[in-house]
Amino acid sequence: MIAYTAVAVEMSSLPLMVFLFFPYAFLLKCTEQYHARLPSNITGLSDSCLRIPCEFEADSTQMNNGKIFVFWVKTTHSIQVPANVVYNGTTNMTKGFSHIEITGNLGKNDCTTVFYNVMKNHSDNYYFRVEIEPQQWYFSYTNPVYISVSDIPQAPMLKPSNLQEVMEESTVNLSCSAEAPCPSQPPNITWSYIPEYANITTQLLEKPNLMQSVISLMTFKASYKDNRKNISCIVSYLRNTSNDSTVETNMLLNVLFPPKETNIIISPSASVPIGTNVTLTCKSTANPSDKMNYTWYKCGEEKQLIFGESLFFNADTKNAGLYFCKAENELGNQTSEGIQLVVENAAALESLYLIIGCVGGVSVFLFLFLLVTLFLRVYGRGAQTQYWRASVLQFNSSFFQHTWLKVSSKNAESKVVR
């Protein structure tokens, strides 16, 4: 049968003979399957560009001997509907987009493409097609990429997302990654809280699925000052509009540490009269803090005074002294600096005020006496001068004796109170 066909071919034209002699080769070429490596779906930001990573398979012989042209078709892989062809590489025609650019090296099977100024109405399936001239070899790939365009960018990914607890002085590694759909306008990543001595590095990476992302790594040693701090990874996207788009993801740091900044607060003051209600409170920062223990000490006394956050008493002279407190949790303890409590004796204090008043009064009258003496020496006569001097001295002596009697009386009362 084949010989018969061959004879028939000789009687016919040459193209028919070629078809009859090589039917299997032609059939293999038409039915062989090639694949394009595309993401199944990709999300772009409106008023920005969108990079579609793409790799394709094709007949290597045809590629080496011809010029490669590519097509992008939406909705269906068939080019029979001209309205669906958004990019025609043979004529460099773009339809429905402001611009489409093939950035990959087609000769190395890289068909990466950038769609510019994408909008929400561009959301659809897009198919890739290759044509090689002048051999008229072509292939439409049946696996599409679904392009989804949103007005709001995707939130960044912060890892570890479930950071529970970290010990003080332990090393913490945080990473924040954001999709970079537009290579000419990569997102900018910032951190809302940066711990002391933190190290931050940022770079653009290509993921295994060929899509790009910006990742920022922050490494630091956990400090008690970082506890309960809210860390946000903030990502800003540039767009072809007046306003940028900003999204963020946050987490709360939970740092475990022993008591810190332990100190004593005294109320109403560190110097009080006898009979005053005094409260000493031990304050400390720690985590965990729900099972804190407090112990009170007084300088000169061997045993602890009491357990508890606060110490209460009605002030007496025996309460005067230097106080300490110790705060403790399951991770350690810390003792505060001492605070001195002064308890004042009211009677003795009043006597002191009287003595001060007495001395002040005598000083004033001595000053006046000197002024009078000076005046009489300059302007007065002998008898008159003696008279004024005697009068002033007698007044001063009476005042001093009266004041001294009051001071002595107060001192006696003070001794009785003690």
Visitor: Is a donor from one side chain sitting under 3.5 angstrom from an acceptor on the other, for Ser289 and Asn287?
Guide: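 There is no such pair (donor and acceptor under 3.5 Å, judged by atom type) between the side chains of Ser289 and Asn287.
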Visitor: Parallel under 30°, tilted from 30 to 60°, perpendicular over 60°: which one fits the rings of Phe139 and Tyr141?
Guide: perpendicular
Visitor: Looking at Ser60, is its backbone amide N or carbonyl O close enough to the side chain of Asn64 to form a donor-acceptor pair, meaning the two atoms are under 3.5 Å apart?
Guide: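 Checking the backbone N and O of Ser60 against the side chain of Asn64, a donor-acceptor pair under 3.5 Å is found.
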Visitor: Could you check if a side-chain atom of Thr113 sits within less than 4.5 angstrom of a side-chain atom of Thr103, using non-hydrogen atoms only?
Guide: no
Visitor: Between Asn319 (side chain only) and Asp316 (backbone N and O only), is there a donor and an acceptor less than 3.5 Å apart?
Guide: yes
Visitor: Which value, rounded to the nearest 0.5 Å, describes the distance between Asn105 atom CG and Ile68 atom CD1?
Guide: 8.5 Å
Visitor: Find out whether Lys74 and Asn125 are in side-chain contact, i.e. whether some heavy atom of one side chain is under 4.5 Å from a heavy atom of the other.
Guide: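 No, too far: nothing below the 4.5 Å cut-off.
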Visitor: Quick one, Leu253 and Leu163 - any side-chain contact, counting heavy atoms below 4.5 Å?
Guide: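 Result yes, sub-4.5 Å side-chain heavy-atom pair found.
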Visitor: Determine whether a donor-acceptor pair (N or O, by modelled atom type, separation under 3.5 Å) exists between the side chain of Lys95 and the backbone of Asn88.
Guide: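 Between the backbone of Asn88 and the side chain of Lys95 there is no qualifying donor-acceptor contact (under 3.5 Å).
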Visitor: Between the main-chain N or O of Gly275 and the side-chain N or O of Asn314, is there a donor-acceptor pair closer than 3.5 Å?
Guide: yes
Visitor: Quick check: do Lys221 and Val172 have side-chain heavy atoms less than 4.5 Å from each other?
Guide: no
Visitor: Would you check if the distance from the ring center of Tyr297 to the ring center of Phe324 is below 6.0 Å?
Guide: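 For Tyr297 and Phe324, the ring centres are not under 6.0 Å apart.
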Visitor: Working note: Phe56 + Asp110, criterion side chain to side chain contact (heavy atoms under 4.5 Å, CB included); need CA distance, chi angles, decisive distance, verdict.
Guide: CA-CA 7 Å; Phe56 68 98; Asp110 184 354; over 6 Å; no
Visitor: Does any part of the side chain of Ile231, heavy atoms only, come nearer than 4.5 Å to the side chain of Asn250, both counted from C-beta?
Guide: no
Visitor: Does any N or O in the side chain of Lys298 come within less than 3.5 Å of the main-chain N or O of Ala320, such that one atom is a donor and the other an acceptor?
Guide: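 A pair under 3.5 Å: yes.
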Visitor: Does any part of the side chain of Tyr294, heavy atoms only, come nearer than 4.5 Å to the side chain of Ser310, both counted from C-beta?
Guide: no
Visitor: In terms of side-chain heavy atoms, does Ser284 have a donor or acceptor partner in Thr262 at a distance below 3.5 Å?
Guide: yes
Visitor: State, to 0.1 Å, how close Leu38 and Asn143 come at their nearest heavy-atom pair, and which atoms those are.
Guide: CD1-O, 3.5 Å
Visitor: Give a yes or no on whether the backbone of Ile200 and the side-chain of Thr202 come within a donor-acceptor separation of less than 3.5 Å.
Guide: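 Such a contact is absent between Thr202 side chain and Ile200 backbone.
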Visitor: Can you tell me how far apart CG (Asn240) and OG (Ser48) are? Round to the nearest 0.5 Å.
Guide: 6.5 Å
Visitor: Ignoring hydrogens and geometry beyond distance, is a side-chain donor-acceptor pair present between Asn329 and Asn293 at under 3.5 Å?
Guide: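 On atom types as modelled, these side chains do not qualify, holding no pair under 3.5 Å.
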Visitor: Quick check against the 3.5 Å criterion: does Asn109 have a side-chain atom that pairs as donor or acceptor with the backbone of Glu55?
Guide: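 Judged by distance alone, no pair lies under 3.5 Å.
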Visitor: Decide yes or no for Phe257 and Ser223: does some side-chain heavy atom of the first lie under 4.5 Å from some side-chain heavy atom of the second?
Guide: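 Not touching, per the 4.5 Å side-chain cut-off.
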Visitor: Does Ser269 have any side-chain contact (heavy atoms from CB on, under 4.5 Å) partners at least two apart in sequence or in another chain, and if so, which?
Guide: Val272
Visitor: Can you tell if the side chain of Glu309 reaches within under 4.5 Å of the side chain of Lys283, non-hydrogen atoms only?
Guide: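 Yes; the side chains approach each other to less than 4.5 Å.
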Visitor: Compare every heavy atom of Thr190 with every heavy atom of Asn188, then report the nearest pair and how far apart it is.
Guide: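 In terms of heavy atoms, the two residues are closest at ND2-CG2, 3.8 Å.
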Visitor: Tabulate below the donor-acceptor pairs under 3.5 Å that side-chain atoms of residues 145-159 make, not counting sequence neighbours, or state none.
Guide:
residue, atom, partner, partner atom, Å
Ser150, OG, Ile152, N, 3.1
Ser150, OG, Ile152, O, 3.0
Asp151, OD1, Ser46, OG, 2.7

Visitor: Any side-chain to backbone donor/acceptor pair from Ser336 onto Asn263? Under 3.5 Å, distance only.
Guide: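 It does not hold such a pair.
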Visitor: Under the side chain to side chain contact (heavy atoms under 4.5 Å, CB included) criterion, do Leu252 and Arg228 qualify, and how do the steps go?
Guide: CA-CA 6 Å; Leu252 191 66; Arg228 306 300 297 173; 3.5 Å; yes
Visitor: Could you pull out the closest heavy-atom pair between Gln185 and Cys49, with the gap in Å?
Guide: OE1-N, 4.4 Å
Visitor: Are Asn173 and Thr219 close enough that a side-chain donor and a side-chain acceptor fall under 3.5 Å?
Guide: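 Yes, Thr219 and Asn173 have a side-chain donor paired with an acceptor closer than 3.5 Å.
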Visitor: Just how far is it from atom OG of Ser78 to atom CG of Asn84, taken to the nearest 0.5 Å?
Guide: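 Ser78 atom OG to Asn84 atom CG measures 8.5 Å (nearest 0.5 Å).
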Visitor: Testing the basics here: between Met167 and Ala222, what is the closest heavy-atom pair and its distance to 0.1 Å?
Guide: O-CB, 3.7 Å
Visitor: Could you tell me whether Phe71 and Phe69 have their ring centroids closer than 6.0 angstrom?
Guide: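 Distance test on ring centres: not under 6.0 Å, no.
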Visitor: Kindly give the heavy-atom pair with the smallest separation between Asn230 and Met251, and that separation in Å.
Guide: OD1-O, 3.1 Å
Visitor: Taking all non-hydrogen atoms of both residues, which atom of Thr112 and which atom of Pro53 are closest, and how far apart?
Guide: OG1-CA, 3.9 Å
Visitor: Hydrogens and angles aside, do Ser271 and Glu344 bring a side-chain donor and acceptor to less than 3.5 Å of each other?
Guide: yes
Visitor: Can you tell me if Glu261 uses its side chain to pair, donor with acceptor, with the backbone of Thr285 under 3.5 Å?
Guide: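 Looks like no, no N/O pair under 3.5 Å.
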Visitor: To the nearest 0.5 angstrom, please state how far the SG atom of Cys299 sits from the CD1 atom of Ile339.
Guide: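 Going from the SG atom of Cys299 to the CD1 atom of Ile339 covers 14.0 Å.
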Visitor: Distance from Cys182 atom SG to Leu50 atom CG, nearest 0.5 Å?
Guide: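 So the SG of Cys182 and the CG of Leu50 are separated by 8.0 Å.
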Visitor: So, taking the atom named CG in Asn227 and the one named OH in Tyr224, what distance separates them when rounded to the nearest 0.5 Å?
Guide: 11.0 Å
Visitor: Please indicate whether Lys229 has more than 12 foreign heavy atoms, meaning atoms of other residues, nucleotides or ligands, lying under 6.0 Å from its NZ.
Guide: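 Check fails, neighbour count at 12 or below.
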Visitor: Check step by step if ring pair (Phe, Tyr, Trp, His ring centres under 6.0 Å) holds for Trp72 and Phe128.
Guide: CA-CA 5 Å; Trp72 283 100; Phe128 180 67; 5.2 Å; yes
Visitor: Which pairs with one or both residues in residues 75-114 pass ring pair (Phe, Tyr, Trp, His ring centres under 6.0 Å), sequence neighbours excluded?
Guide: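 Sorted result for residues 75-114: His77-Tyr127, Phe97-Phe115, Phe97-His122, His99-Tyr116.
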Visitor: Using a strict threshold of under 4.0 Å (side-chain N to carboxylate O), is an ion pair present between Glu179 and Lys207?
Guide: yes
Visitor: Quick one: do Asp226 and Tyr193 satisfy side chain to side chain contact (heavy atoms under 4.5 Å, CB included)? Show the steps, please.
Guide: CA-CA 9 Å; Asp226 301 326; Tyr193 174 77; 2.6 Å; yes
Visitor: Side-chain donor-acceptor pair under 3.5 Å between Asp124 and Thr75, yes or no?
Guide: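 Yes, side-chain donor-acceptor contact under 3.5 Å.
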Visitor: What's the verdict on side-chain hydrogen bond (donor to acceptor under 3.5 Å, both in side chains) for Trp191 and Ser232, showing C-alpha distance, side-chain angles and the deciding distance?
Guide: CA-CA 6 Å; Trp191 297 88; Ser232 297; over 6 Å; no
Visitor: Taking the six-membered ring for Trp, are Phe313 and Trp296 closer than 6.0 Å centroid to centroid?
Guide: no
Visitor: Mind running side chain to side chain contact (heavy atoms under 4.5 Å, CB included) on Cys233 and Val235 for me, showing each step along the way?
Guide: CA-CA 7 Å; Cys233 166; Val235 180; 4.2 Å; yes
